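Here's the structure we're looking at; comments come further down.
Note that ligands are numbered from 1 as they come in the structure, with each ligand's atoms numbered from 1 the same way. Numbers here simply count residues along the sequence, with the first being 1. Since the model is a prediction, treat every value here as computed from it, not as a measurement.
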Amino acid sequence: MKNFTYHSAKDSKEATKLSSSNSAFLAGGMTTIPSMKLGLASYKDIIDIKGIKKLSGIKVSGKSVIIGATTKHAEVANSKEIKKAIPSLSDLAEGIGDPAVRNRGTIGGSIANNDPAADYPSACIALNATIHTNSRKIEASKFFSGMFETTLKKGELIEAVEFQIPNKSSYQKHPNPASRYAVVGVYVAKNKNDVNVAITGAKSCVYKDENLSKALSKNFSVSAVDAVKVSSSGMNTDIHASAEYRASLVATYAKKAIEAC
Ligand SMILES: Cc1cc2nc3c(=O)[nH]c(=O)nc-3n(C[C@H](O)[C@H](O)[C@H](O)COP(=O)(O)OP(=O)(O)OC[C@H]3O[C@@H](n4cnc5c(N)ncnc54)[C@H](O)[C@@H]3O)c2cc1C
């Protein structure tokens with residue numbers, strides 16, 4: 001691991017002031033620390049944001065659930081308020097990694113990292129989430145821009161993620177048996193004004209499946225999925241699954257999600 005300077009920020013303003021073109025925020029360190037240890041990333045400054053109280057916690061209002069950026073996966077998995085308002089979100093958090101990862105990893109770190117197989121990005125797209133940063137609010141549909149890429153600017157800090165409470169929803173994934181990352185994960189949400197089917201793990205970046213979303217908006221049923229041909233075009237092929245297998249998993253897990261709604 002290369003040398004770096006460790007800073008502990010007391011508030012968002014200080015965290016963003018300390019950031020530079022060669023810095024990283026330290027939330028749970030679940031991606032940052034192994035990446036540095038393996039020599040995949042190096043930073044001059046590491047800015048610890050865990051001490052910023054305002055960034056952690058869960059608030060549920062009539063219409064939305066707001067989760068602070070440094071809130072850990074285990075807190076979301078165990079939150080009684082989230083289980084009541086959006087049970088699929090606590091199920092998703094419960095299925096992330098292992099207990100160590102769930103007790104260190106954070107929602108802000110997960111979506112800032114935007115791993116193509118991460119779970120939370122699909123929840124953001126399906127539940128029409130808004131990402132609150134230190135300087136603006138970004139709709140989820142405009143946040144995830146590519147593999148490990150987002151529209152965050154350098155030094156921009158996620159403060160919270162706001163999810164709209166759906167009428168019904170479910171997240172179903174085919175997990176990698178070792179890491180639990182999604183080989184394919186499908187988040188189906190029947191919202192007040194739309195139905196969203198968000199897919200993770202299948203391509204280089206999370207996306208909304210427009211064909212499935214449209215079909216389910218007209219007819220929210222398993223048979224509506226059967227009528228849609230899920231194309232494998234642009235899907236990943238790797239040691240875990242071929243593109244064609246991933247396409248079939250999308251259809252299978254979309255049906256499982258509808259049944260579980
Ligand atoms: C063994 C293992 C298994 C895993 N399995 C899964 C899984 O099944 N599903 C899944 O979805 N994920 C999985 N993960 C990922 C994990 O859930 C973490 O969320 C992810 O690694 C990010 O870690 P972190 O929150 O600790 O962020 P960090 O590692 O601290 O930070 C990651 C990146 O996000 C940036 N960042 C952090 N917080 C903010 C913020 N508030 N604003 C702006 N930028 C920020 C940092 O600058 C850094 O670039 C796994 C990880 C491991 C190590």
Side-chain angles (χ1 to χ4, degrees), residues 4 6-9 11-12 14-16 18-38 40-57 67-77 89 91-125 131-136 138 143-144 148-161 171-185 187 198 200-201 206 240:
F4 59 88
Y6 170 87
H7 310 266
S8 179
D11 55 30
S12 297
E14 189 183 20
T16 49
L18 284 165
S19 71
S20 69
S21 57
N22 195 4
S23 65
F25 295 123
L26 186 69
M30 284 291 101
T31 290
T32 301
I33 304 284
S35 308
M36 291 170 77
K37 280 166 96 173
L38 292 168
L40 300 170
S42 68
Y43 304 101
K44 196 167 149 292
D45 296 287
I46 289 290
I47 304 150
D48 193 337
I49 56 171
K50 289 194 296 297
I52 306 176
K53 286 209 176 75
K54 191 187 149 194
L55 296 187
S56 177
I67 305 178
T70 58
T71 307
K72 296 179 185 102
H73 308 325
E75 295 173 80
V76 174
L89 198 55
D91 291 347
L92 174 150
E94 179 64 37
I96 294 177
D98 51 41
V101 170
R102 292 196 289 276
N103 280 287
R104 297 289 307 175
T106 67
I107 188 167
S110 173
I111 66 165
N113 195 44
N114 192 20
D115 188 299
D119 298 301
Y120 270 126
S122 67
C124 293
I125 299 284
I131 321 303
H132 296 234
T133 78
N134 61 305
S135 57
R136 58 188 171 137
I138 311 169
F143 183 82
F144 302 102
F148 295 107
E149 279 178 15
T150 68
T151 51
L152 282 174
K153 297 186 183 121
K154 194 70 208 164
E156 189 170 2
L157 183 73
I158 300 167
E159 295 192 325
V161 186
Y171 177 65
Q172 301 288 325
K173 78 168 162 178
H174 187 75
N176 176 311
S179 68
R180 316 300 290 169
Y181 272 109
V183 175
V184 162
Y187 209 124
T200 188
V206 65
H240 306 297

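Checked by distance only, ligand 1 and T32 come closer than 3.5 Å through their nitrogen or oxygen atoms. Considering backbone and side-chain atoms alike, Y181 places an N or O below 3.5 Å from some N or O of ligand 1. Looking at V101 next to ligand 1, no N or O pair under 3.5 Å apart turns up. Not one N or O of A117 is nearer than 3.5 Å to an N or O of ligand 1, by distance alone. The shortest N/O to N/O separation between N113 and ligand 1 does not fall below 3.5 Å. The N/O atoms of A27, backbone and side chain alike, include one that comes under 3.5 Å of an N/O atom in ligand 1. Every N/O-N/O distance between A69 and ligand 1 stays at or above 3.5 Å. Checked against a 3.5 angstrom limit, the closest N/O atoms of D119 and ligand 1 fall inside it.
Taking every heavy atom of L157 and a limit of under 4.0 angstrom, the matching atoms of ligand 1 come to 40 (C), 41 (N), 42 (N). Of all atoms in ligand 1, listed by their number and element, those nearer than 4.0 Å to a heavy atom of L26 are 30 (O). When each atom of ligand 1 is checked for a heavy atom of R180 under 4.0 Å away, the hits are 7 (C), 8 (O). Atoms of ligand 1 lying under 4.0 Å from any heavy atom of G105, numbered from 1 in the order shown and given with element: 25 (O), 26 (O).
For S19 against G155, the heavy-atom pair with the smallest separation is OG-CA, 3.2 Å.
In this structure, the side chain of N113 does not engage the main chain of G109 through any donor-acceptor pair within 3.5 Å. Judged by distance alone, with hydrogens and angles left aside, the side-chain atoms of N114 form no donor-acceptor pair with the main-chain N or O of F144 at under 3.5 Å. Judged by distance alone, with hydrogens and angles left aside, the side-chain atoms of K173 form no donor-acceptor pair with the main-chain N or O of G201 at under 3.5 Å. A side-chain donor-acceptor contact under 3.5 Å links R102 to the backbone of I96.
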Next item on the list: Show your reasoning for whether side chain to side chain contact (heavy atoms under 4.5 Å, CB included) applies to S23 and L18.
Entry: CA-CA 8 Å; S23 65; L18 284 165; over 6 Å; no
Next item on the list: Quick one: do E159 and L55 satisfy side chain to side chain contact (heavy atoms under 4.5 Å, CB included)? Show the steps, please.
Entry: CA-CA 5 Å; E159 295 192 325; L55 296 187; 3.9 Å; yes
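Protein heavy atom closest to atom 53 (C) of ligand 1, with residue, atom name and distance, is M30 O, 3.6 Å. The protein heavy-atom contact nearest to atom 22 (C) of ligand 1 is T31 OG1, 3.5 Å. For atom 41 (N) of ligand 1, the closest heavy atom belonging to the protein is I158 O, 3.0 Å. Of all protein heavy atoms, the one lying nearest to atom 17 (O) of ligand 1 is H73 NE2, 2.8 Å. Atom 47 (O) of ligand 1 has F25 N, 2.9 Å as its closest protein atom, hydrogens excluded (heavy atom only).
No side-chain heavy atom of I131 sits less than 4.5 Å from a side-chain heavy atom of E156. Side chains of L89 and Y187 form a contact here, defined as non-hydrogen atoms less than 4.5 Å apart. Between I158 and F143, some side-chain heavy-atom pair lies under the 4.5 Å cut-off.
Contacts with ligand 1 closer than 4.0 Å are made by side-chain heavy atoms of I49 only, the backbone lying farther away. Only the backbone of E156 comes within contact range of ligand 1, with a heavy atom under 4.0 Å; no side-chain atom does. Residue contacts with ligand 1, taken as heavy atom pairs separated by less than 4.0 Å, involve K173 solely via side-chain atoms from C-beta onward.
For E75, the side-chain contact (heavy atoms from CB on, under 4.5 Å) test picks out S56, T71, K72, with sequence neighbours left out.
Among pairs with a residue in residues 41-51, those fulfilling side chain to side chain donor-acceptor pair (under 3.5 Å) read Y6-D48, H7-D45, D48-K50, at least two apart in sequence or across chains.
With Y171 as the partner, the side chain to side chain donor-acceptor pair (under 3.5 Å) test is satisfied by one option alone out of T200, D119, D91: D119.
Selection from S179, G28, A112 by nearest heavy atom to atom 44 (N) of ligand 1 gives A112. Among G109, G29, A15, the residue whose heavy atom lies nearest to atom 26 (O) of ligand 1 is G29.
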